[in-house]
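Single-structure report; data block below.
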Amino acid sequence: MFLFDLHCDTVGRLHDSICFKPGESVFLTKGERLPETDTLLHNHGHLALDRMAGIDWCQCFAIFMPDQYRGPDAIAYFESCYRYFQTQLAQNAGRLAQVQTVGQLKSALSEGKAAAMLTVEGGSALGGDLSRVGRLAECGVRIVTLTWNGENELASGNATTHGFSGFGREAVAEFERAGIVADVSHLNDRGFEELAGFARRPFIATHSDARSVHNHPRNLTDDQFRHIVSIGGLVGLNFCVHFLSDDPDPAFPRLAAHLERFLRLGGEDVVALGSDFDGCDVPSWLGSGEKFPDLYREVCGGFGQGIADKLFFTNAADFFARWEGGM
Ligand SMILES: [Zn+2]
C-alpha cells in the first residue's frame, strides 16, 4: 500500500499546543490541545511519525490560518508555523523529507522516509500582499486552500455567501504562475462557480465529500465534482464524521457511499484521500493514521485493489506529475 493524504492539521495543532497559552489559542475549534511535550514524531493526536513507521506515505501538512488573522498578524502566524514545521523536519531528518515534486516524493519513499508536502489552509496567509505568493513558493507550499469557513482577502468560505474579490482573482493567477495548486475545499458555492469561470489551470478539493450523499455545505455538489473531473483535478475524501453522515460514529459503508457516488460521477481518476486528521472528529475504526491499512483493506474488499490503489496514491501522484508537466 502506498499512501498520499491531501490534508491534515497536525502541524498547526502541535504548533498551537506549544506556542499559545490556554485561552489564547484559536485552534481549539479544530481539536483538543495536545500536551506540550508532543512532537511530530510522538504525539497524542491523529498522526505521529513513530506510529506511521513502515507505511509508504506522502502527507500534505497544512498550515491552518485562523480566519481572524489579517495583514502582519497573518504573516507572523504563517511564519511561526513554518518555523515549527522546519524544526520538526530537522529533528526527524532520517524519517521525513519535505518534497515539492513527484520525483522528490519517490526518492524519499525509496530511501525509506515519509514524504512531507507543505500546504496552506486559508489564503489569508498572504496578509493581503500578492508578493507573498513568492514567499509561499519559496517555502515549498504546493497547495493553498483559498478560504477557511469565513471570509478573507481572497474570497469567502462556506459559512458565507460572498464571492471572490479582485485581489482574490489576482492571487489565484499568481498561484497558478508560481505552480501552487488552488484548493476549493471550504469555498462556498458562489466562489466555486466564479473560480470555475476564471481559473486557467486545474484546481482541486483536498478534503471534501459528496453533498448528494450527505447534505453539508463543506461537501461538493454533483455538478462541482463533475467540473473537477472535467478539468482533470483531484478530490480527497474527508474522514470528518459530520461530513460523512448523521451518524456520530459512521462505519465503513458510510464512507464507501461517498466514494461510490464519486465513482458513478466519473471520478475513478480523480478520487483521493484527504483525511483531515487532527482537524476534525473521525470514526473510531479510523481513529488515527496507523488505521490507513484497515481502510485500504476495506476499499480493496468493496471496490477492488485497482480502485484502492488509485484512491490511496496513484491519482494524487499522477495529478502532481501532470501539473509539473504544465497541465
Ligand atoms: Zn479544512
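Just so you know, ligand 1 is whichever comes first in the structure, and atom 1 is the first atom listed for that ligand.
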Could you give me the CA-CA distance, side-chain angles and deciding distance for Glu290 and Arg51, then say whether salt bridge (Lys or Arg N to Asp or Glu O under 4.0 Å) is met? CA-CA 6 Å; Glu290 60 271 32; Arg51 286 183 276 130; 3.2 Å; yes
Ring centres under 6.0 Å, that's the criterion: do Phe192 and Phe203 meet it? yes
Does any N, O or S atom in Cys280 come within less than 2.8 Å of the Zn ion (ligand 1)? no
Are the aromatic ring centres of Phe277 and Phe292 under 6.0 angstrom apart? yes
With the Zn ion (ligand 1) as the reference point, give the N/O/S atom of His207 that is nearest. NE2
Any donor-acceptor pair under 3.5 Å from Arg190 side chain to Leu187 backbone: no
Specify which N/O/S atom of His186 comes nearest to the Zn ion (ligand 1), by atom name. NE2
Looking at Glu121, the N/O/S atom that lies nearest to the Zn ion (ligand 1) is called OE2
